[in-house]
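To start, I am sharing the structure in question, which I have written as structure tokens.
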Amino acid sequence: MNVIDKLATYEDQISPGISACVGCNIELTLRTCMKVLGPNTIFAIPPGCMGGVGVVGWDKQSGAKTPVFFPLLDNVASMLAGIKLHYEHIGRHVNVVAFAGDGASVDAGMQCLSGAAERGDKLIYICYDNEGYMNTGYQRSGSTSKGAWTSTTPVIDGHGGKKQNKKDFPMIMAMHDIPYMATMSPAYIPDMVKKLEKAMQVDNGLAYLHVYNPCVTGWGCKSDESIEVARLAIETNFAPLYEVENGKFSMSVVVKNPKPVREFVTRFKKFRHLTDEDIEGLQQLTDVRYARLQKLCQE
Amino acid sequence: MEFISEYIVPIGKEGLKIVDTGKWRTRKPVLDKSKCVKCGACLMYCPVNSVRKVADGSFEINYDYCKGCGICAHECKKKAIAMELVKEEK
Amino acid sequence: MATVKVINGNMAAAIGAKLCRPDIIAAYPITPQTPIVEYLADFVTGGELHSTVSEVESELSAMSVVTGASLAGSRVFTASASQGLSLMYEPYFRASTLRLPVVMAVANREMISPQTLWGGPQDSLTVRDAGWLQVYVEDNQEILDTMIMAYRMAEDKNVLLPVNVCFDGFYLSHMSERVEIPEQEQVDAFLPTYHPEHILLDPLKPMAVDPLTTGALLTEYRMKHMMAQQNALKLFEKLDKEYGKKFGRSYGGAVEAYRCEDADYILVTMGSMVGVAKDRVDEARRNGIKIGLLKLRMIRPFPAEQVATVLAGRKAYGVIDRNVSFGWNTGITYEEVCAAMYRANSFVPNIAFIAGLGGEDVTGKHIDCAIKMIVEQAGKTECHPTIWLNRKDMGI
Amino acid sequence: MKEIRLHGIGGLGTVKAGEMLVHATVASGKYGNSTPMFGFERQGAPVTSFVRLSNEKIRAKNQVYNPDCTLILDPSLLISAPVFEGMKEDSVAVLNTQVSDAQSLITSPNIKRVAWLDATTIALEMLGRPITNTIMLGAFVKATGWVDKVELEKVVLKFFGEKNVETFRRGYNDVKLFDFS
């Protein structure tokens, strides 16, 4: 079955109406992931955008058709590990999945996630990286890019913004030598579907999926350009698509003539104050990280 | 003591929580089937799962929950989807 | 037939847990609780216990793993102390508000600073208002027996709350003594298999756990939680009697009143110092002082009625705390006892003692001094300033 | 009830020695408890262990201040630790020392009997390591008679094996006794 037919026929596991922002590509990522994962899935939505928009639910109603719960911001992976251990203990297969933002993954929840990865807890951990705490009003996180405006790294009279580089978190997870690590993008849905299917096949440890999801509201994008902007992150090599299967790195999408990073960062508000020098800095970081990745792919 | 709820911890199982997001839109996507090449981009990228594939292999937009984001129109390579202003209902 | 062994308090907790056959165990090492984790790992590796153990990277994860497993339907066990307990505070609180029947042993240890690792219940008493049931015990046999009762209480449909079985670090955790270990069949007959119904993450019965909830509904959950705690108070007395019938040992339920019937004076305390205090009460009786001892076993829920019933009408009472209640300048259980007396509309002259902080030894002489001061308190209407028994200027 | 205070340094098996006394006593149908007191666990640091033995259930779980017996596993502790503090009247001291007239080392008037031997030399000779605990337990049993020798031998065998049963017996046989009149 081709991807369109899969997406047309798989049941949507999320409430038909959830309060995500208009044009939110995380909603797209969530629905796509859950369609592929299917009904035999328990998933955790820690505090963050997808929790805030009601995926877990409201009072006695649920926001999803499969079991879903709010873990704490900092214990997503270990709470899920407990659930998975229960099902392994009774000998039943269930997909146990995290759908967590970058705050709950690269910052507060990193210890638990790293522990679960090291122990080989059999989870599928999906991190939607929108570069900050978008649900609580656009604060910076360890995943926010250098220079970005956030509400805790404000820009006043053209000065300010985040002073540090973004954590290369997919690489950090890959270095745990987990069985499967992949980066994904809402602009590359067939690639996403393929990677989810691979993650579901992993039976000897943690599968980590990192989705680069530009945030329409927090970043100041136009809602209809939500996918285009996500695509530009790939086409500029700013957030390259790759996977690591049992230690083997490979590029999922090779961009033949990468566009300058400038084309990506000038498309929305959070980088609009950047000077040429700042943009050059982001370009250099992109080049360095991409070269490192290429080297790993050649090994 | 009488309680309203039978539950002792917060759990949701009395039904799906649904928000009528169809009311959010100011513009709505309108598909011109004559320009459509049935590539499925609209279905693939619709964040609210409002595009359906029908029996003849073509696509239809369901307006119940469509938020009017315009992604389908923007992503359509053949410009087969137009965003039209929603008329005020009387 | 029970077997008799010489074991330390940590082993008593580990064997108690083992006899209850938990499905999932997750705990992180911290002095003085560490051996519990090691013993259980040995049981599992040696094939004596068919549990799944998760070697977590922190106490935060220990509590998170067991709450996750409990949410999915497993019987679970964890253990911690002191800084470890405070690191798990976030999921700790939540285990109770999710009404998960987690059982957790606490080898009580003082909180830093200054740096310390010795015994004292400051750790678990500080989190007494996080919704758990807390039982404090006196010796190793009571650790083991209480572990078994704890699972029955936690999993009872009218309770469904997590339980802490607390025992003083080092004084009990590392003290070896004679303990009778019941047979597995006996325990199985007392503790049925756990079948969760109230909350469950299972794709065959999809539900959301913890959707956003309004204050009105949250209020209802809190009321039910508080009622469940009161149910636990009654159940604990009942279980204690049933346990006594089946295993030959019972402890009096939420409190134990020792030589209180005709007592003019009562000494109130808990934990590992109870034994030496009973010895000194006997000695005081030999010297003509009519004193009894009230041992607090349950601190949450607080057995207010039982405490007030025992203390009402006496000439004086005193409470020895191995902990402090910051802001009150007394120990924590002293304040709880005072509140119970106030609610019972009963005033008895009284005095607060603090002793044994940071694992300092509470000696017979300390208890003798406390008894003397309680006797002197008779007839007074003003509260006596707190006495710090271990302070050098007390000269004991 | 008999209360015993064991003085050792990390690595000598002081805590284990206390526990073995309890094991043997419980095996005889009696009661006992053993409470170790130490700081951060490491070799070479002073370790004290408190043991109570009784025909009845023992309630006290605290330290021993007025021992019926002090058991000193290393000679250095005679100088570095208050090993004779609070001794009960007519009490017993069991010493590991090379001194030939150990009664001269006793500074407490309450001690009635002194038992001593050069346990370190015996340990080095028999085990190749200066671990004196089982030798000292042999000396203790001979000096006090408070614990059944056969039961304690069984416990030593279970804890450490045949070789330590030999060291235990050597301690029992070699210990010298002196009673103050």
Side-chain angles (χ1 to χ4, degrees), chain A residues 13 15 37-45 47 51-90 92-96 108-109 111-119 121 123, chain C residues 21-26 28 50-76 78 87-95 98 100 102 196 199-218 220-221:
Chain A
Q13 301 293 340
S15 287
L37 290 161
N40 189 31
T41 300
I42 294 169
F43 75 117
I45 302 262
V53 303
V55 175
V56 182
W58 173 247
D59 272 359
K60 286 173 279 177
Q61 291 179 308
S62 174
K65 295 173 192 169
T66 62
V68 59
F69 71 104
F70 259 119
L72 301 165
L73 190 70
D74 47 21
N75 79 351
V76 184
S78 34
M79 247 183 126
L80 284 174
I83 293 168
K84 186 69 184 183
L85 289 177
H86 165 82
Y87 281 101
E88 287 188 292
H89 190 76
I90 63 168
R92 215 176 106 193
H93 174 74
V94 172
N95 301 314
V96 177
Q111 176 186 304
C112 289
L113 175 53
S114 176
E118 180 268 333
R119 284 190 301 274
D121 286 317
L123 314 175
Chain C
R21 304 178 190 262
D23 302 302
I24 309 291
I25 297 166
Y28 187 77
H50 302 288
S51 304
T52 301
V53 178
S54 179
E55 302 114 39
V56 285
E57 83 297 333
S58 70
E59 286 88 355
L60 172 72
S61 278
M63 184 51 74
S64 304
V65 165
V66 297
T67 49
S70 184
L71 263 178
S74 275
R75 179 178 285 168
V76 298
T78 186
L87 178 60
M88 62 167 67
Y89 181 65
E90 200 186 4
Y92 175 86
F93 196 110
R94 199 173 183 220
L98 280 175
L100 298 171
V102 177
I199 182 169
L200 202 57
L201 286 170
D202 184 344
L204 300 176
K205 291 182 221 169
M207 66 170 83
V209 175
D210 262 9
L212 270 176
T213 302
T214 54
L217 202 47
L218 184 138
E220 206 180 312
Y221 294 134

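Scope of the values below: all heavy atoms of this structure, side chains included, with no hydrogens, waters or symmetry mates.
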Let me know if A/Leu80 has heavy atoms under 4.5 Å from chain C in its side chain, its backbone, both or neither.
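Contact with chain C: none, neither part.
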Using a cut-off of under 4.5 Å on heavy-atom pairs, state which of C/Ala26, C/Ala62, C/Gly73 scores highest against chain A.
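That would be C/Gly73.
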Inter-residue atom distance A/Leu85.CG - C/Ser51.OG, 0.5 Å rounding
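Going from CG on A/Leu85 over to OG on C/Ser51, the span is 11.5 Å.
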Mind listing the closest non-hydrogen atom pair of C/Pro203 and A/Pro39 along with its distance?
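C/Pro203 and A/Pro39 have their closest heavy atoms at CB-O, 3.6 Å.
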Side chain proximity check, A/Gln61 to C/Pro211, heavy atoms < 4.5 angstrom
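No - every pair of side-chain heavy atoms lies 4.5 Å or more apart.
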Calculate, to the nearest 0.5 Å, the distance between atoms CG and NE2 belonging to C/Asp23 and A/His86 respectively.
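Taking CG in C/Asp23 and NE2 in A/His86, the distance rounds to 7.5 Å.
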Measure distances from C/Val66 to the heavy atoms of chain A and classify the residue's part below 4.5 Å as side chain, backbone, both or neither.
neither
Select one option (side chain, backbone, both, neither) describing which atoms of A/Asn95 are under 4.5 Å from chain C's heavy atoms.
neither
Looking at chain C, which one of A/Ser62, A/Gly52, A/Ala44 has the largest number of heavy-atom pairs inside 4.5 Å, strictly under?
A/Ser62
Chain C: which of A/Asn75, A/Ile42, A/Asp59, A/Val68 shares the most heavy-atom pairs with it under 4.5 Å?
A/Asp59
A/Gln111 vs C/Ser58 side-chain heavy atoms within contact, under 4.5 Å
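Yes; the side chains approach each other to less than 4.5 Å.
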Do A/Met79 and C/Arg94 come within less than 4.5 Å of each other through their side chains, counting heavy atoms only?
yes
Below 4.5 Å from any heavy atom of chain C, which atoms of A/Lys84 appear? Answer side chain, backbone, both or neither.
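Nothing of A/Lys84, per the 4.5 Å heavy-atom cut-off to chain C.
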Would you compute the distance between atom CD1 of A/Ile45 and atom CG of C/Asp210 and round it to the nearest 0.5 angstrom?
13.5 Å
Passes side chain to side chain donor-acceptor pair (under 3.5 Å), C/Glu57 versus A/Ser114? Steps please.
CA-CA 9 Å; C/Glu57 83 297 333; A/Ser114 176; over 6 Å; no
Closest heavy-atom contact between C/Pro91 and A/Leu72?
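For C/Pro91 versus A/Leu72, the nearest heavy atoms are N-CD1, 3.6 Å.
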Does a side-chain heavy-atom distance below 4.5 Å link C/Leu201 with A/Phe69?
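In contact.
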Approximate separation, where rounding is to 0.5 Å, of C/Glu90 CD and A/Leu73 CG
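Reported to 0.5 Å precision, the distance equals 7.5 Å.
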Starting at OG of C/Ser74, measure out to NE2 of A/His89 and round the result to the nearest 0.5 Å.
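Spacing of OG (C/Ser74) from NE2 (A/His89) equals 6.0 Å.
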Any non-hydrogen side-chain atom of A/Tyr87 less than 4.5 Å from a side-chain atom of C/Asp202?
yes
Do C/Leu60 and A/Cys112 make a side-chain contact, defined as non-hydrogen atoms from C-beta onward lying under 4.5 Å apart?
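They are in contact (side-chain heavy atoms under 4.5 Å apart), so the answer is yes.
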Is any side-chain heavy atom of A/Glu88 closer than 4.5 Å to one of C/Ile24?
no
Per-residue contact mode, C/Leu204 against chain A (heavy atom under 4.5 angstrom)
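Both parts, heavy atoms under 4.5 Å.
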If you tally heavy-atom pairs under 4.5 Å against chain C, which of A/Gly51, A/Gly115, A/Gly57 wins?
A/Gly57
Residue pair A/Val56 / C/Leu212, side-chain heavy-atom distance below 4.5 Å:
no
